Amino acid sequence: ALSDRLATALRRFSGRGRLTKEDVEVGLREVRVALLEADVNFRVARAFVDRIRERAVGNDVLESLTPGQQIVKIVNDELVALLGGEQRKIQYQPHPPTVVMLVGLQGSGKTTTAAKLGLAIRRDGHRPMLVAADITRPAAVQQLQKLGLDNQLLVTVPDGKLKVAQLCARGVAEATRLNCDVVILDTAGRLQIDEPLLDELRDIRKATTVHEVILAVDAMTGQEAVNVAKGFDDAIHVDGVILTKLDGDARGGAALSMRETIGKPIMYCGTGEKVSDLEPFAPDRMASRILG
Amino acid sequence: LAAPGRKLDDAFYDDLTEVLIAADCGVELSERLTAALRQRARRDNLGDGAGAIAALKAEILAVMSTYDRALDLRTVPSVVLVVGVNGSGKTTTIGKLAYRLREEGRTSLIAAADTYRAAAIDQMRVWADRAGTDLVAHQPGADPGAVVFDAIQAAQARRVDVVLVDTAGRLHTKVNLMAELGKIRRVIERLIPEAPQEVLLVVDATTGMNAMRQALAFHETTRLTGLVITKLDGSARGGTLLAVEEQLRVPVKLVGLGEGLDDLNLFDPAAYLDAIFG
Ligand SMILES: Nc1nc2c(ncn2[C@@H]2O[C@H](COP(=O)(O)OP(=O)(O)OP(=O)(O)O)[C@@H](O)[C@H]2O)c(=O)[nH]1
Ligand SMILES: Nc1nc2c(ncn2[C@@H]2O[C@H](COP(=O)(O)OP(=O)(O)OP(=O)(O)O)[C@@H](O)[C@H]2O)c(=O)[nH]1
Ligand SMILES: [Mg+2]
Ligand SMILES: [Mg+2]
């Protein structure tokens, strides 16, 4: 853990009573390494250390009997502040339906998360409709249908011969017809470097009003989390992030990387394969997870 | 980095470490490779950036070429067990592999042993049809071991060359799911003592340091014979594979380069290093 590494790193200075700024630099290097090992992007890690440097060379660290612990506290405070901020759930529109679009890389957990969101929204007293908008992945539509069936969630499967944008518009129309007030569009996984597929998302936004774009990101994502988040945000504007598979042991540094890069809130955490495994994001828990 | 005439100064070595870290090679390996190159540059007078990067690639390649990266499919039937965490690309990889085997003149049959996830069997069925191979499946919720048992018996009866076993995604931290995997392996072993000839861990190229933890855990539960790195058509470089190969001595055998039937290649270490170093 970071506290142990700092204790070891700073031990050689412990004889002299007070640390110097150069000594603290040794500790800051340990912080940077710890963040990198937690999958925080290397540029974000460097910027983070630059940010905390001023506090870290303050007297309460230099004169502390346990400077390592002081630095850990500074790091933790800063992480919580950066990760937290605006706590955010789905914002329901005054004129329904609220249309939510789930996007992200292949296999990031969108389809499962669509069902999870549907369940949470229904428990919130609303009437969700899931739209099976992935017509490329084999049996993607059946996957969403099965999740809907098992959890009493409405799933609409618009005509697969339509283009995806038209299909989504049809889905929203169908949801409105059935008096649903929230529509969740489950889209196909795609690379943020695939321009034609980013265009497909842009076309969806042109064909039907989308109020919330949520980016699903796997918690084990490494350095590329920055490029992935930027790619989707620059292309179609992302409103929030859902971090999936947090029931594993990935440190989740991608959370900090994305928060720092696109500045959007992490709304929920996927914590398992069941449709009930969705929790609101907790910045303090994420901070201690990243610190390890 | 590899520019001709580029000076081998501190900025060069800092940039090298950054390139490696950005590729998900991890801090430890990135700093170790950089430090070693620094020493070697002095000792062997590597000249400029071009010379240094060429030397680094050659050195890494020397180690990587000691592996046999071919699939061991000598026995009939050979069993290939495909494992990995959720969403890494197992089902798609099996479809591609079945197609590749067919192109090479080998028959295969697929065991749809993910009996858990919604529409997993349907998904595997579509891929089996695309690849022109047979599928052995039970109903959702069935015992995966029973599906594997039936598939291997069918392969033996029909004299099929290869059995490809699709398993449910599972996080390596879930003790009961890893135990289930051990059970599946034992079903295979009891039917054919030398099987499974291949146990492939499928890893998403976008995975960071967790890839090592996945590899260690899966290797402990069911001794891996190879890795498949998927989604290398994206921006991620999958640099964790270098540390995993080094530590486990399990080679990357295949790479996924897209979502089509044809998007599976044999792993080419030289091409891979070129992609990392530009
Ligand atoms: N353990 C765990 N597994 C999850 C979680 N979320 C999703 N999964 C699993 O991850 C795998 C991929 O999930 P999908 O919902 O198919 O992902 P997707 O983004 O829709 O995939 P594509 O449509 O192919 O891009 C499945 O095995 C899911 O059960 C989670 O929070 N925890
Ligand atoms: N771009 C790209 N996408 C891939 C590649 N391999 C798989 N995928 C996609 O990744 C997603 C997940 O693939 P699956 O084959 O369902 O993954 P899985 O490991 O079987 O998933 P679970 O069974 O749910 O654990 C699908 O959308 C695939 O099309 C690849 O090499 N490149
Ligand atoms: Mg999906
Ligand atoms: Mg699968």
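Because the structure is predicted, anything quoted here is derived from the model rather than measured. Proteins get letters first, then strands, A, B, ... in listed order; numbering begins at 1 in each.
- Residues A/P138 and B/R125 fail the side-chain proximity criterion, which asks for heavy atoms closer than 4.5 Å.
- Exactly one of A/D249, A/D218, A/T221 qualifies for a side-chain contact (heavy atoms from CB on, under 4.5 Å) with B/N210. That residue is A/D249.
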request  = For side-chain contact (heavy atoms from CB on, under 4.5 Å), just list the numbers for A/E37 and B/V27, CA-CA rounded to whole Å, side-chain angles, deciding distance to a tenth of an Å, and then say yes or no.
outcome  = CA-CA 7 Å; A/E37 289 180 351; B/V27 189; 4.2 Å; yes

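- Closest approach of A/I193 to B/D233, counting heavy atoms only: CD1-O, 3.6 Å.
- Ranked by heavy-atom pairs under 4.5 Å with chain A, the list B/T207, B/T240, B/I121 is led by B/T207.
- Here the closest heavy-atom approach between residue B/T173 and residue A/G248 is recorded as OG1-CA, 3.7 Å.
- With contacts defined as side-chain heavy-atom distances shorter than 4.5 Å, the pair A/Q223/B/I21 qualifies.
- Annotation for B/A119 and A/A139: closest pair CB-O, 3.8 Å, computed over non-hydrogen atoms.
- When the shell of 6.0 Å around NZ of A/K146 is examined, it contains 12 or fewer heavy atoms from other residues, nucleotides or ligands.
- Applying the 6.0 Å contact sphere to NZ of B/K174 captures more than 12 heavy atoms from other residues, nucleotides or ligands.
- A pairwise comparison of heavy atoms in A/L36 and B/M209 identifies O-CG, 4.4 Å as the closest pair.
- Between A/R46 and B/E18, the closest side-chain pair of non-hydrogen atoms falls below 4.5 Å.
- For a residue to count as touching a neighbouring chain, one of its non-hydrogen atoms must lie under 4.5 Å from one of that chain's; by this rule A/R137 touches chain B with the side chain only.
- Proximity to chain A among residues 88-97 of chain B is not found for any residue, judged by heavy-atom separations below 4.5 angstrom.
- When each of B/D204, B/L171, B/V203 is checked for a side-chain contact (heavy atoms from CB on, under 4.5 Å) with A/M220, only B/L171 meets the rule.
- Counting heavy atoms from C-beta on, the side chains of B/R117 and A/Q143 come closer than 4.5 Å.
- More than 12 heavy atoms of other residues, nucleotides or ligands sit less than 6.0 Å from atom CZ of B/R6.
- Defined by atom type and a distance below 3.5 Å, a donor-acceptor pair is present between the side-chain atoms of B/S235 and A/Q192.
- Looking at A/L105 and B/T206, their side chains come closer than 4.5 Å, going by heavy atoms from C-beta outward.
- Of the listed residues (B/A211, B/A23, B/A236), the greatest number of heavy-atom pairs within a distance under 4.5 Å of chain A belongs to B/A236.
- For A/R122, the CZ atom sits in a packed shell: over 12 heavy atoms of surrounding residues, nucleotides or ligands are nearer than 6.0 Å.
- Atom CZ of B/R102 has 12 or fewer heavy atoms from other residues, nucleotides or ligands within 6.0 Å.
- Looking at B/E28, there are no atoms closer than 4.5 Å to chain A (heavy atoms on both sides), in backbone or side chain.
- When heavy atoms are compared at a cutoff of 4.5 Å, A/D247 approaches chain B by way of both its backbone and its side chain.
- Residue B/Q123 touches chain A through both its backbone and its side chain, counting heavy-atom pairs closer than 4.5 Å.
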